[in-house]
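Numbers here are sequence positions counted from 1. As the structure is a prediction and not an experimental result, all values here were calculated from the model.
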Amino acid sequence: MEFHCLTLLNESPINQHPGLFGIPVFGMSTYYSHMTRPSCLGYPVSIFFIVVNEFCERFSYYGMKAVLVLYFKYFIGWDNDLSTTIYHTFVALCYLTPILGAIIADSWLGKFKAIVYLSIVYTIGQVIMAISAIHDITDTNRDGTPDNMTFHTLVNMLMNNMSCLCVYLLAQECGIYSKQSCFPLAFGVPAALMVVALIVFIAGHSMYIMESPKGNILLRVMKCIGFAIKNRFNHRSQQHPKREHWMDWAEEKYDVFHRHSVFLQKLLIAQVKMVLKVLFLYIPLPMFWALFDQQGSRWTLQATTMDGNFGAFIIQPDQMQIVNPILIVIMVPIMDSAVYPLIKKCHINFTPLRRMTVGMLLAALAFVAAALLQIQIDQTMPNFPSSSQIQVKFLNLENTSVPVEVEGQEPFAVPGFDSSNDYMTLDTENITVSAGGKNATAYFQKSTRHTVLINTDGMLQTLNDITEKPNQGMNAIRFVNGFRSHLNFTIKSDNLGPIAPLQGSGYLSVPHGKANFTIVNEEGQTCHYILQLGFGSSYTVLIPSTFSFGESCTENIKAIQDIEPNGIHMAWQVIQYFLMTCGEVVFSVTGLDFSYAQAPSNMKSVLQAGWLLTVAVGNIIVLIVAEAGSLPDQWAEYVLFASLLVAVSIIFAVMAYFYTYMDPMEIEAKFMDLEPEEKKRKELGMTTKDNLAYVNNETSNNTDDKQTKI
């Protein structure tokens, strides 16, 4: 026997991805011509062309999201708040454009052309993004920071929704003039995959059944709602009798089915009522997504201040996000096969809406865990000077202690070949300092840290110290030459150049692990100095006057810690990721499953559009808080979001309590005047809860081709 199998790939409850550059997944329905002999693994060959395209696009999108905020912060040079704002603006656009893509595909281009054309735009955007991320091209003055052309290119890419990154490729370094995280490689590989995917998808076009655009159901629903509102407003006087539901005011126009039955003229209106009933429950949902999508922004930035050394391997901050998909794979079967059945055996009516409420509370609890972790991190962070303060420490280049007196402070002594205990906080830029009995006026800069080099002759030089944690978990290392001749310091390809006696160098950015420095004098003698580094520390390495080249050259070298390495391990983030993932499994999967079960058969795509809209609004909430918020501490912002979600969860629970579950098939059958037997037969021609249905084969029974309808 021969029959057609209709599969709506977009309407799986698990599938909530925004879609290919505005091509909504809910707009890509496919039909498989199912024969007695399957082409490959029981599926038509044509489906594999679509799967390759979809796989590469998902790889591109999720790879990009993982490190996008780090790209903004470290490559572009934006601060945490602006990076978070632009990140969530991008994500919001990703979830808004599928609605426009659906309208374009269904009303103008058709699905195949829309996929092909926008895949080309997607690929071109990735190539441009990869080229613009090459800092050797965009950094014309070779200072390690991209110039304005990268900014303009980035804005263009964001406006067109065309970026892609890969998490693990970012861990590599590349560059000619300066080594940096290899964003070009992270962009370039997915771009190449998209080129392959586009070619493969086009190559399978002969296996697709091309359909001309037939109009978009979302537009029909919006027009119906708009007419009802307009008609109700035009008949707002008391002389017009009230109607049972405000959508009933659309009856004057939407009577397209009157030729079949007197009841069928209200079918579309009844379907819209069912959709609106579910969409009303969507109103509180954006708050969940406001918290959920901060995994890629605030939580990733939080990881940059933590220790990623897991012993056998090193975890980069952006790579911590892989915990979420791993836990999803683990938690989904556990929930379905263990947790839900156990709750059922306890005779607890754990309805879908109650599950969603629990999921929202779990997400709020995840942010409470993030806030507690942030408090612990803040306790290990140095107290940098404010805009009106100055911080100073003294480094003694002599072998004997040197007494120091600072105006307005208690006198103290700096040990030989060492520094004062900690930074001294001052409020005046010009201060009289006595070192070794020699008085002088020191000139400092506000909101800056300084290290003053001293010996028995007084102050020698004032160095400017860094006033923030080194980026990307790197370590800031500089050298002070207390030796009697010029010295050169190198590590790998980085060279500080010759440092004169009694002078300090600039900073080198050195990664975690054993740093092997080479010290060379003017005669060519060398000394190899190894310094074990953590994440995010800063050291001033003193080469004392007693230094000498030879086998024991490193004995007298003194490494003085200016900023402590990150002390909180990144593994502590697993707790908040676990809670958030559990919330996602209970909330997201259940929410979509509930929505589709409560939606009319031909309007599931409308609910998918509404679901994507809640994600977009959630990201807009985050960018508003990031830009307008004035909370001084990050942990306070986490508590704010958790509190808001708890409040929204209570509102949602009240709404769920008064919600009445319905059977869309039964309501539709009532309007179509079907008998129970006819309804069962009709269900074979409609999209069911698992999105599979069967329709009659209108093609020749002799054909052996299997085609996908797009």
J.: Could you tell me if the side chain of Gln321 sits less than 4.5 Å from the side chain of Pro325, heavy atoms only?
T.: no
J.: Salt-bridged, Lys393 to Asp562, with N to O below 4.0 Å?
T.: yes
J.: Provide the closest heavy-atom pair for Ile314 versus Gln319 in the form atom of the first, atom of the second, distance.
T.: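 Shortest heavy-atom separation between Ile314 and Gln319 comes out as O-OE1, 3.9 Å.
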J.: Are Phe90 and Tyr87 close enough that their ring centers fall under 6.0 Å?
T.: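 Ring centroids of Phe90 and Tyr87 are no less than 6.0 Å from each other.
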J.: Does any donor atom in the side chain of Ser505 or Arg478 lie under 3.5 Å from an acceptor atom in the other side chain?
T.: no
J.: Between Arg449 and Asn464, is there a side-chain heavy-atom distance shorter than 4.5 Å?
T.: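 The answer is no, as the side chains (C-beta and beyond) never meet within the 4.5 Å cut-off.
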J.: Would you confirm whether Ser420, through its side chain, and Leu395, through its main-chain N or O, come within 3.5 Å as a donor-acceptor pair?
T.: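 No: the side chain of Ser420 does not pair with the backbone of Leu395.
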J.: Please check this pair: side chain of Asn396 against backbone of Pro415, looking for a donor-acceptor N/O pair closer than 3.5 Å.
T.: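 Present.
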J.: Measuring from atom CZ of Phe547 to atom OG of Ser552, what distance do you get when rounded to the nearest 0.5 angstrom?
T.: 9.5 Å
J.: Any idea which heavy atoms bring Ala369 and Ile575 closest together, and the distance?
T.: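 Looking at all heavy atoms of both residues, the closest pair is CB-CG2, 4.3 Å.
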J.: Taking atom types as modelled, is there a side-chain donor on Glu429 or Gln445 under 3.5 Å from an acceptor on the other?
T.: no
J.: Minimum heavy-atom separation for Ser545 to Phe483, with atom names?
T.: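 Looking at all heavy atoms of both residues, the closest pair is O-CD1, 4.2 Å.
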J.: Give the minimum heavy-atom separation between Ser447 and Thr467, together with the two atoms involved.
T.: O-CG2, 3.9 Å
J.: Less than 4.5 Å apart, any side-chain heavy atom of Val69 and any of Ser83?
T.: yes
J.: Under 3.5 Å, is there a donor-acceptor pair linking the side chains of Lys469 and Asn566?
T.: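 Looking only at side-chain atoms, Asn566 and Lys469 do form a donor-acceptor pair, the distance falling under 3.5 Å.
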J.: Please check if any side-chain donor atom of Thr441 sits under 3.5 Å from a side-chain acceptor atom of Asn430, or the reverse.
T.: no
J.: Do Ser434 and Asn439 have side-chain heavy atoms sitting under 4.5 Å apart?
T.: yes
J.: Given Val433 and Val452, is the side chain to side chain contact (heavy atoms under 4.5 Å, CB included) satisfied, shown in steps?
T.: CA-CA 10 Å; Val433 177; Val452 180; over 6 Å; no
J.: For the residue pair Gln573 and Gln302, confirm or rule out a side-chain donor-acceptor distance under 3.5 Å.
T.: yes
J.: So that I know where these two stand, are Trp635 and Phe367 an aromatic pair - ring centroids less than 6.0 Å apart?
T.: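 Ring-ring flag for Trp635/Phe367: false, centres at least 6.0 Å apart.
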J.: To the nearest 0.5 Å, what is the distance between OG1 on Thr448 and CD on Gln389?
T.: 11.5 Å
J.: Using a distance-only test with no angle check, is there a side-chain donor-acceptor pair under 3.5 angstrom linking Lys73 and Asn471?
T.: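 The answer is no; no qualifying pair exists.
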J.: Just so I know, are the side chains of Leu487 and Glu522 near enough to count as touching, which here means a heavy-atom distance under 4.5 Å?
T.: no
J.: Determine yes or no for a side-chain-to-main-chain donor-acceptor pair under 3.5 angstrom, with Glu637 supplying the side chain and Gln634 the backbone.
T.: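 It does not hold such a pair.
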J.: Under 3.5 Å, is there a donor-acceptor pair between the Glu584 and Asn324 side chains?
T.: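 Yes.
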J.: Assess the residue pair Ile431 and Leu426 against the criterion (side chain to side chain contact (heavy atoms under 4.5 Å, CB included)); give the C-alpha distance rounded to whole Å, side-chain angles, the decisive distance to 0.1 Å, and a yes or no.
T.: CA-CA 9 Å; Ile431 302 174; Leu426 307 172; 3.0 Å; yes
J.: Which pair of non-hydrogen atoms, one from His486 and one from Pro498, has the smallest distance, and what is that distance?
T.: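 The answer is CD2-CB, 4.5 Å.
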J.: Under the ring pair (Phe, Tyr, Trp, His ring centres under 6.0 Å) definition, can you give me all pairs with a residue in residues 417-457, not counting sequence neighbours?
T.: Phe444-His450
J.: Is Ile499 close to Phe479 at the side-chain level, that is, under 4.5 Å between some pair of heavy atoms?
T.: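 Not in contact.
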J.: Flag the pair Met320 / Tyr577 as yes when at least one side-chain heavy-atom distance between them is below 4.5 Å, and no otherwise.
T.: yes
J.: Parallel, tilted or perpendicular: which one describes the rings of Phe313 and Phe310, with boundaries at 30° and 60°?
T.: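 Because their plane-to-plane angle is under 30°, the rings of Phe313 and Phe310 count as parallel.
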J.: Between atom CG of Asn488 and atom OG1 of Thr518, what is the distance when rounded to the nearest 0.5 Å?
T.: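 So the CG of Asn488 and the OG1 of Thr518 are separated by 9.5 Å.
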J.: Without hydrogens or angle criteria, can the side chains of Asp465 and Thr451 be said to hold a donor-acceptor pair below 3.5 Å?
T.: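 Note: Asp465 and Thr451 side chains meet the donor-acceptor criterion.
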J.: Cys553: which residues meet the disulfide (SG to SG under 2.5 Å) condition with it, sequence neighbours left out?
T.: Cys527
J.: Less than 4.5 Å apart, any side-chain heavy atom of Phe535 and any of Asn475?
T.: no
J.: Just how far is it from atom OG1 of Thr540 to atom CD1 of Ile563, taken to the nearest 0.5 Å?
T.: 9.5 Å
J.: Check the side chains of Glu523 and Asn521 for a donor-acceptor pair under 3.5 angstrom, ignoring hydrogens and angles.
T.: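 Judged by distance alone, the side chains do pair up.
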J.: Would you call Arg298 and Asp81 a salt bridge, taking side-chain N to carboxylate O under 4.0 Å as the test?
T.: yes
J.: Examine distances only and state if a side-chain atom of Thr581 and a backbone atom of Leu579 form a donor-acceptor pair shorter than 3.5 Å.
T.: no
